[in-house]
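Quick notes on the structure that follows.
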Amino acid sequence: MNAPTSSSSDFIRDIVAADRAAGRHGGRVVTRFPPEPNGYLHIGHAKAICLNFGIAAENPGGICHLRFDDTNPTTEDPEYVHAIQDDVRWLGFDWQGNMFYASDYFERLHAFAVTLIRKEKAYVDSLTAEQMREYRGTLTEPGRNSPFRARSIDENLDLFARMRAGECPDGAHVLRAKIDMASPNINLRDPVLYRIRHATHYRTGTTWCIYPAYDFAHPLSDALEGITHSLCTLEFEDHRPLYDWVVAESEVPHRPQQIEFARLNLTFTVMSKRKMLELVGKKLVAGWDDPRLPTIRGLRRRGVTPEAVRAFCEHIGVAKRDAIVEMQLLEHFIREDLNKRSPRVMAVLKPLKVTIDNFPEGVVEELEAVNNPEDPSAGTRKVPFSRNLYIEQDDFRETPPAQYFRLSPGREVRLRYGYILKCVSATKHPESGEITELHCTYDPDTKSGSPQAQRKVKATIHWVSASHAIQAEVRLYNPLFVTDPAKIPTDDEWTRHLNPHSIERLTGCLVEPSLSGAPAGARVQFERQGYFCVDPDSSPTAMVFNRTVPLKDPWAKIDKSQQSR
RNA sequence: UGGGGGAUCGUCUAGCGGUAGGACGCCGGUCUUUGGAGCCGGCUACCUAGGUUCGAUUCCUAGUCCCCCAGCCA
């Protein structure tokens, strides 16, 4: 009992393992990731991707297909098809040539529909959408049979042919399964199998004007591809009897099995395509790759690595209960991953000028800095040190509170990789009283790493050399919502709950010169400021950095204790 | 008062009749030539009520609460 279990174990993997052990499907395991190309992939999709591709990879000979569920011509676009492939690949998965489109099955799907009509398992209904809704009944009342339900096979065949031939306007008829209008499961009350849509499909053009519905196309696509385990989210549980009905009545040789799991929800963000589309459409975010969005592209632009996403997905597990995962958990995996791979550099977000009065003018000393204390192989670099520096405004207090060990008049701190610095005086703006410059002295005997550098001071601060530092803009990304979306009561005007400070732009930041020419996507950790990623918009003279994980002020404890005094 | 699902620390998850485990988070300590890192310690959970059993988170019964379903979306 209570034996430690592998992190990649869940009820679905148990089912798959049991099926293999029982020799079902000839011991084969074939899964699929079936997005509709009507939007960009997000972290919720990443969960499904990791699950489907993961299960395939764990089972000898297992494969996972990528299939575009493109059965609705009005919402789909090749832009999404490309983006989806790109994102799946970026996440590190390979469909090994097994990429399919439901639209490639349209002819075969149509043939199945004709077969169903011949078996009197499907009929053409000519009720309007509103009438159909009335006939369907409610959750508590059974539905009634459509007056068209009794049409003859020949009439149905003829009508269905006319539908296909384009003789009927949108909405004139639909093809419905003949199941049971009194079923307590509403999905079984003669669901629509085909509808008329005079629209141009991004792949089949105007070849078709009738399109199969999800409930018809999906199970048959699975069957056609030999999918063994068709994993989908919980809201399709009620569709499983229909899924099985379609597969059974269509008499396909292969019987895939639908298994449902809970979709991923994250605090302080949205995962619904509809809402994301609204944010993008109303320009409340910059685009699908806005780093505040939980899209794969947004995460990527923020500097999140595929390894971090996969580690997160593996950790959250797969279960049937509804869950809302805390954003901090995702951030934990991002930090953990970045911590190992990000070189540390010094940066000053809110600069305060410092002049070292006893350091000669015009002299530049090269100090050696460690690139990554956790990875010796990352090596070292030279950082220029001179008479004029900038430090972080927060690293100086004119009247230091208790427990504040950084600079203040008369106090000493160590400059990271450099010398001990002593503050002599602070210059103030004559009117605002704002500190504009610090005059300091340094102790030449305290160079970092030198044997004489024994003296200890209470704090170490970071800095950049004024004449060497490069200009930067830093974008700080905060939670998208002020209130957790799960707690927002109504659906309308939900965008009012967006955090007005979800992005803060800091211009005039300074970073050390080693970052000059850092490519877009390069990840760094600014000493004490967090993890940042070079944005594609970056220019060599004024770099743009996106923060990957919201910052918790490391000194907050001190400041808090100050406030409460 | 229809049908389908689900309830374990604040959060996510393990458990399959035998001392309720892990992770995040939080709290405290420690280290310090960055820390938000590292290290050490602590925190809090089986929806309820019955029953079966030597023993129930696990099995049974009855409740309670939560989620999903009435698109010609997927």
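The chains referred to below are lettered A, B, ... by the order of the sequence lines, with proteins before strands, and numbering in each begins at 1. For clarity, every value in this text was computed on a predicted model and none was experimentally measured.
- Considering A/Glu374, A/Glu527, A/His462 as possible partners of A/Arg344, the one that fulfils the side-chain hydrogen bond (donor to acceptor under 3.5 Å, both in side chains) test is A/Glu374.
- A donor-acceptor contact under 3.5 Å links the side chain of A/Gln525 to the base of B/G35.
- When heavy atoms are screened at a 4.0 angstrom cut-off, A/Pro373 is found touching base atoms of the nucleic acid.
- Closest-nucleotide positions on RNA chain B for A/Ile196 and A/Phe333 were compared, and the one nearer the 5' end corresponds to A/Phe333.
- In this view, A/Phe216 and A/Tyr194 satisfy the ring pair (Phe, Tyr, Trp, His ring centres under 6.0 Å) rule, not counting sequence neighbours.
- The side chain of A/Asn72 has B/A74 as its nearest neighbour among B/A23, B/A74, B/G4.
- The phosphate of B/A74 has OP1 or OP2 within less than 4.0 Å of a side-chain N or O from A/Arg195.
- Between B/C31 and B/U8, the two C1' atoms lie 36 Å apart (nearest whole Å).
- Counting only heavy atoms from C-beta on, A/Lys456 has its side chain closest to B/U33 among B/A37, B/C72, B/U33.
- Residue A/Ala262 is out of contact with every strand shown, counting any heavy-atom pair closer than 4.0 Å.
- In this structure, B/G21 is classed as anti because its glycosidic torsion departs from zero by more than 90°.
- Residues passing the side chain to side chain contact (heavy atoms under 4.5 Å, CB included) test with A/Ser514, sequence neighbours excluded: A/Val345, A/Arg381, A/Glu512.
- For A/Phe112, there are no ring pair (Phe, Tyr, Trp, His ring centres under 6.0 Å) partners two or more places apart in sequence or in a different chain.
- Comparing atom distances between the A/Val174 side chain and each of B/C69, B/C72, B/G3 picks out B/C72 as nearest.
- In terms of position on RNA chain B, the residue among A/Glu237 and A/Val457 whose nearest nucleotide sits closer to the 5' end is A/Glu237.
- An OP1 or OP2 oxygen of B/A74 is reached within less than 4.0 angstrom by no side-chain nitrogen or oxygen of A/Lys273.
- When each of B/G3, B/G6, B/C24 is scored by its nearest atom to the side-chain atoms of A/Asp238, the top-ranked nucleotide is B/G3.
- For A/His201 and A/Phe106, the distance between ring centers is under 6.0 angstrom.
- At a threshold of 4.0 angstrom between heavy atoms, the contacts of A/His239 include nucleobase atoms, whether or not backbone atoms are also involved.
- For the ring pair (Phe, Tyr, Trp, His ring centres under 6.0 Å) test, no residue two or more places apart in sequence or in another chain qualifies with A/Tyr135.
- Taking the side chain as every heavy atom from C-beta outward, A/Glu366 and A/Pro384 approach each other to under 4.5 Å.
- Considering only residues two or more places apart in sequence or on other chains, A/Arg310 meets the salt bridge (Lys or Arg N to Asp or Glu O under 4.0 Å) condition with none of them.
- Separating the OH atom of A/Tyr194 from the P atom of B/A74 is a distance of 12 Å, rounded to the nearest angstrom.
- Scored by the ring pair (Phe, Tyr, Trp, His ring centres under 6.0 Å) test, A/Phe33 finds no partners at all (sequence neighbours excluded).
- Looking at the side chain of A/Arg136, the nearest of the listed nucleotides B/C72, B/A37, B/C69 is B/C72.
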Output the pairing pattern of RNA chain B as a dot-bracket string, 5' first, Watson-Crick or G-U wobble with both distances under 3.5 Å, | for cross-strand pairs, [ ] for crossing pairs. .((((((..((((....[..))))((((((.......))))))...(((((..]....))))))))))).....

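- Nucleotides B/G5 and B/G18 have their C1' atoms positioned 31 Å apart, rounded to a whole Å.
- Between A/Arg528 and A/Asp395 there is a salt bridge, since a side-chain N of the basic residue sits under 4.0 Å from a carboxylate O of the acidic one.
- Counting any heavy atom pair closer than 4.0 Å across all strands shown, A/Thr71 reaches sugar-phosphate atoms only and no base atom.
- Counting non-hydrogen atoms under 4.0 angstrom, A/Phe236 reaches a base of the nucleic acid.
- Listed by first and then second residue, the side chain to side chain donor-acceptor pair (under 3.5 Å) pairs that reach into residues 166-182 of chain A are A/Asp125-A/Arg176, A/Ser126-A/His173, A/Arg162-A/Glu167, sequence neighbours excluded.
- With A/Asp70 as the partner, the side-chain hydrogen bond (donor to acceptor under 3.5 Å, both in side chains) test is satisfied by one option alone out of A/Tyr202, A/Tyr80, A/Tyr211, A/Tyr101: A/Tyr202.
- Rounded to an integer number of Å, the gap from CZ of A/Arg344 to P of B/U33 is 17 Å.
- Per the geometry, CZ belonging to A/Arg144 stands 21 Å off P belonging to B/G2, to the nearest Å.
- Residues of residues 125-135 of chain A having a heavy atom closer than 4.0 Å to RNA chain B, listed by number: A/Leu127, A/Thr128, A/Ala129, A/Met132, A/Arg133.
- Atom OH in A/Tyr80 sits roughly 16 Å away from atom P in B/A74 (whole-Å rounding).
- Interface remark: the A/Thr460 side chain does not form any donor-acceptor pair with the B/U33 base, using a distance-only criterion of under 3.5 Å.
- Note: CD1 (A/Ile186) to P (B/G4) measures 13 Å, nearest angstrom.
- The CZ-C1' distance, from A/Arg263 to B/C66, rounds to 17 Å in whole Å.
- For the P atom pair drawn from B/G2 and B/U11, the interatomic distance equals 30 Å after rounding to whole Å.
- Note that NE2 of A/His45 is 12.0 Å distant from SG of A/Cys313, once rounded to the nearest 0.5 Å.
- Counting any heavy atom pair closer than 4.0 Å across all strands shown, A/Asn339 reaches a base atom.
- Of the candidate nucleotides B/G36, B/C24, B/A74, B/C24 has the atom nearest to the side chain of A/His332.
- Atom C1' of B/A70 sits at a distance of 24 Å from the matching atom of B/C65, rounded to the whole Å.
- In this view, A/Ile324 and A/Asn265, A/Thr267, A/Ala486 satisfy the side chain to side chain contact (heavy atoms under 4.5 Å, CB included) rule, not counting sequence neighbours.
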With the criterion being N/O to N/O and under 3.5 Å, what pairs connect the protein with nucleotides 7-12 of chain B, and how long is each?
from  : atom 1 : to       : atom 2 : distance (Å)
B/U8  : OP2    : A/Arg321 : NH1    : 2.7
B/U8  : O4     : A/Arg321 : NH2    : 3.3
B/G10 : N2     : A/Glu326 : OE1    : 3.1
B/U11 : O4'    : A/Glu326 : OE2    : 3.1
B/U11 : O3'    : A/Ile324 : O      : 3.3
B/U11 : O2'    : A/Ile324 : O      : 3.2
B/C12 : OP1    : A/Ile324 : N      : 3.3
B/C12 : O2'    : A/Ile316 : O      : 3.1

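- Of the candidates B/G2, B/U33, B/G36, the closest approach to any side-chain atom of A/Ser448 belongs to B/U33.
- Between the CE atom of A/Met327 and the P atom of B/A23 there is a distance of 23 Å, given to the nearest Å.
- The side chain to side chain contact (heavy atoms under 4.5 Å, CB included) search around A/His218 returns A/Arg32, A/Pro34, A/Arg67, A/Asp69, A/Tyr214, A/Asp222, A/Ser230, A/Tyr243, not counting sequence neighbours.
- When the C1' atom of B/A37 is taken as reference, atom CD of A/Glu331 falls 16 Å away, rounded to whole Å.
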